[in-house]
S.K.: 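The structure follows.
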Amino acid sequence: MNWHEWIPLLVVVSSLLPGLFIFGLRENSVHLRTVLNLSGAVLKLGLVAWMLWGVYNGHHFETRLMLLPELELVLRAGPMALLFVTLSTGLWLVTTIYAIGYLEHSPHRSRFFGFFSICVTATVGIALAGNLITFLLFYELLTLSTYPLIVHRGTEEARRAGLSYLRYTLFGGALLLTGTVWLYSLTGTLEFTPKGFIQNTVVGQESTLIIIFVLLIAGLGVKAALVPLHGWLPKAMVAPAPVSALLHAVAVVKAGTFGIVRVVYEVFGVEFAAGLGVTKPLAMLAAVTIIYGSLRALYQDDLKRRLAFSTISQVSYITLGVAIAGPIATVGGVVHLVHQGLMKITLFFCAGNLAETLGVHKISEMRGVGRRMPWTMAAFTVGAFGMIGAPPVAGFISKWYLALGSMNVGQDWVILVLAGSSLLNAGYFLPILYTAWFQEPAGPWPEEHSWSGRETAWALLLPPLVTAALALLVALLATSPFSPLEWALLIARREFYQ
Amino acid sequence: MNHSLPAVLLWLVVCWPLLLTLPLVRRYIPWPRLLALLPVLLLLLWPGDIALHVSWLFMGTGLAVDTSVRWILALLFIIWSGVYFLDPRSSIASKATATTTFYLLTLSSNLGAVLAADLLTFLIFSTVMGYSFYGLLVQSNEFTFRPVMRLYVLALVVADLLLFEALILIASTGADLHYAAVADAMAMNSSLVVYVWLVLAAFILRAGLWPLHLWQRQLFTALAPSQRLLLIAVPLTTAWLGGLRWLPTSGNAQQESIQMLELFGIAAILYGLIRFMLRPRWQLFLAWFAVVLGGVMILLWADRLAANWWLGPHSRIEFSALVILAGILVLLSIFTPFSKKLPEGKKILPVWFIRVFIDLGGGGQSAWLGVVSLLQSSLRYLEQHFFHWLDELPAMSWHTTISLFVLIGVGLAWLVMV
């Protein structure tokens, strides 16, 4: 193997090895654990940056390892893979810093960070997967590695949430496996190919292909929280805030949605899928999920549950963009992968700050919290306005391309869905901002710790400020080179015009 | 990007107050609210038209100043200076307060919206302006103002959505988003009549024009003079200007649309006059006069749609008229009394409709009624958290009824004319 073949593998194992080592550390080995965590994250980011530079200069990065006869584990750095792996790696570093601060006095940190590292390994493996079997392997590894994170607190509620999560995701995994095996039996290949590989390998058998599509989408739709497979997500909010942030912005939900993108574009091909008549029902399902999630979010008083239902709604924008089956809508869906990640992780970081610093879990308890924690709420405000789709935050750009894309292919009804969703988003985010900034506190806040004049620990304060700033920057610099939008445009051009 | 000094000055007009919103920065600047206006004064004194476009900033951002914009900028300079000197809080060392942050953010975005050279830039700045204005008024007023301000923010959210949809309609034709491109897009695509009505509805909401004038009327009645000036500078002037900017001037708009708009304008003028004459109180004069001037503005919009060039096709008489109308309001704002609190009132008619809708929803144990239950829960939440405070609004149901009847009359008149 030459260095081009090693890099993707190194990107994956750069978090696996520290994670395995962390499992063996004693609880009081704080410094060593921190060093391992951060060095793994920084090393991964460095390797991804090297890969980005290499791809930009025309190099090809691919790892192939034999799994079974005629079945290989393939890791490949294509444009779509690089988009997701950069997002995952960047946000993992930020989340690691946040988790170190959040769990400072918590028990079982070695266990937590061990599984945390494996979770990110799985996510990066999903991003770089070059075929459906590799994707499936890392997809199931993600399920198994996130379960301990959800049940980390060990309470009865956490165990129930973990059980629910396992039921949903293992069922989804079974559907995905069935669809994958069936597809392999028909096509003899599972390699992700631009514009799909099915139309070149299968003639006729439309009904079979439709069933396979349903199986794959249902399997992926569990993690993507498509209605009615979303039930595990609000319950999983019992997990610590870093886990919620990871689940919603980086790992689990994104993995499911990313899988849907892969299946539509690089397994079936968007035109072939549209010809089968499966994209329109997928778009309808995404639209229903968008509105349903927003409606459920409206009357949640628990902040994290409101954000969870918001995630269910927002992540389906990506599925909607893909299912509309047009180049401009594709840009909107793909770029929302990044934008939603940045905005949602900001919101969850802020929710974690409020919980950890002031013991605030409900929106009704947030009266006047903006004066007590102004920087945290400022970051929350940026994330919230982004979710509503107000300029100049990143969410506006996603909605712009989705709306324009829908008109471009004659799917004007999507604009009504987006408008309704934006209205509902305003309905459940603006009251939070009003409560935090403009209402008087119900009583005195808990006594302050010594944070050197800051509103909370720096490890909790810095990550949401960074991600909020990024949510603004990716919008303000949207049309500059290397922005997520330019990347999404490249992916759309590759899918539709090459 | 044009790196010359005028272009830098143009940026400074928007960016300098934006920089001062940071408490860390304005800690070292004396009189930040006043000094934030310094680039505006310099720009007013700088001769000639200036324009710049930054293609890499947020999908392309453009600012420009010409003769008509210069007049509006001068008006805003006077208004914001007046706010500073009339507001007693500006004399207090309040650099670190949230009020000052909202104030400067509102100023920056207000200036940005006026200087915007294209539809998208206008939308960005006016959206930020709307929310920061909300924060400014809520922060600096009593609790009794909050229900009215919630009505304002609801109008803002809906208006922003409508403008977004309108923008998408223009962008979908392949046109760029400069103001002049709207007329060309409409000339090539007759289905864009929807665009006109989206824009009109949006700016009627944003400016609080009749028949959606409730929040504006309440605020004009009760706010102190300095804040009345803010009301004129921020939502009113910007929305009036927005209507002039966003509406096409090619004369391709449907005649029916123009006639409907003219009827609306006349109805608004008559409504304002009649309402004031029914209960002529000096304290209510400004509020009803603002409704009348809003009607005049609607007529100007209709004129622009019809491309009625009073003084030739290159005249910008509508912009001059805007400055005059706003100037009249400014003078009246300073010299008419205000009540400091909003009057008592009964429940608003629309809430009853929503309550009936909820009651008719019923309940049920069947699985399919789970959807109805979900909608019921959502509507109850809306009722509890949104319409409940609508009840608090100091508006009487018969006011709304009069507006509804006048609207029906306008609709009937239009049908007869068509």
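Sequence lines set the chain letters: A, B, ... in the order given, protein chains first and strands last, and positions in each chain run from 1. Atoms considered below: every heavy atom in the structure, side chains included; atoms not considered: hydrogens, waters and symmetry mates.
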S.K.: Looking at B/Val158, B/Ile124, B/Val157, which one has more heavy-atom pairs under 4.5 Å with chain A than the rest?
M.R.: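 Maximum pair count with chain A is reached by B/Ile124.
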S.K.: Pick one of side chain, backbone, both or neither for A/Ala426, based on which atoms fall under 4.5 Å of a heavy atom in chain B.
M.R.: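 The answer is the side chain of A/Ala426.
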S.K.: Please look at A/Leu430 and chain B and tell me whether the side chain, the backbone, both or neither of the residue comes under 4.5 angstrom of a heavy atom of that chain.
M.R.: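 Only the side chain of A/Leu430 comes within 4.5 Å of chain B.
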S.K.: Heavy atoms only, distances under 4.5 angstrom: which of A/Leu404, A/Asp412, A/Ile415 has the most pairs with chain B? Name it, please.
M.R.: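 Option with the greatest count: A/Leu404.
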S.K.: For this output row, return yes or no: ring centroids of A/Phe438 and B/Phe102 closer than 6.0 angstrom.
M.R.: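 Between B/Phe102 and A/Phe438, which both carry aromatic rings, the centre distance is below 6.0 Å.
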S.K.: Does the pair B/Phe125 and B/Leu111 meet the rule for a side-chain contact (heavy atoms from CB on, under 4.5 Å), with working shown?
M.R.: CA-CA 8 Å; B/Phe125 280 113; B/Leu111 295 169; over 6 Å; no
S.K.: Where does B/Leu120 contact chain A at under 4.5 Å (heavy atoms): side chain, backbone, both or neither?
M.R.: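 Looking at B/Leu120, just its side chain touches chain A.
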S.K.: Are B/Phe164 and A/Phe396 an aromatic pair, judged by ring center distance below 6.0 Å?
M.R.: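 Ring centroids of A/Phe396 and B/Phe164 are less than 6.0 Å from each other.
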S.K.: For a quick test of your reading: what N or O donor-acceptor pairs under 3.5 Å do the side chains of residues 130-138 of chain B make, sequence neighbours left out?
M.R.:
residue: B/Ser132; atom: OG; partner: B/Thr106; partner atom: OG1; Å: 3.2
residue: B/Ser132; atom: OG; partner: B/Val128; partner atom: O; Å: 2.9
residue: B/Ser132; atom: OG; partner: B/Met129; partner atom: O; Å: 3.1

S.K.: So what's closer than 4.5 Å to chain A heavy atoms on B/Ile168: side chain, backbone, both or neither?
M.R.: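 Answer is both: backbone and side chain atoms of B/Ile168 are under 4.5 Å from chain A.
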S.K.: How about A/Tyr292 and A/His230: are their ring centroids closer than 6.0 Å?
M.R.: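 Yes, the ring of A/Tyr292 comes within the 6.0 Å limit of the ring of A/His230, centre to centre.
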S.K.: Look at B/Asp160 together with B/Arg206 and state whether they make a salt bridge at an N to O cut-off of under 4.0 Å.
M.R.: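 Result for this pair is yes, salt bridge flagged.
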S.K.: What part of B/Thr61 gets within 4.5 angstrom of chain A, counting heavy atoms only: side chain, backbone, both, or neither?
M.R.: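 Neither; nothing under 4.5 Å.
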S.K.: Which atoms of A/Trp400 come close to chain B, meaning under 4.5 Å heavy atom to heavy atom: side chain ones, backbone ones, both, or neither?
M.R.: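 Both backbone and side chain.
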S.K.: Over all heavy atoms of both residues, which pair between A/His336 and A/Ser398 is shortest? Give the atoms and the distance, please.
M.R.: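 Nearest heavy atoms, A/His336 then A/Ser398: ND1-OG, 2.9 Å.
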S.K.: Report the option among A/Ala478, A/Pro392, A/Ser422 that has the most heavy-atom pairs separated by less than 4.5 Å from atoms of chain B.
M.R.: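 The candidate making the most pairs under 4.5 Å is A/Pro392.
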S.K.: Could you look at B/Thr127 and say if it's the side chain, the backbone, both or neither that has a heavy atom under 4.5 Å from chain A?
M.R.: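 For B/Thr127, the side chain is the part near chain A, not the backbone.
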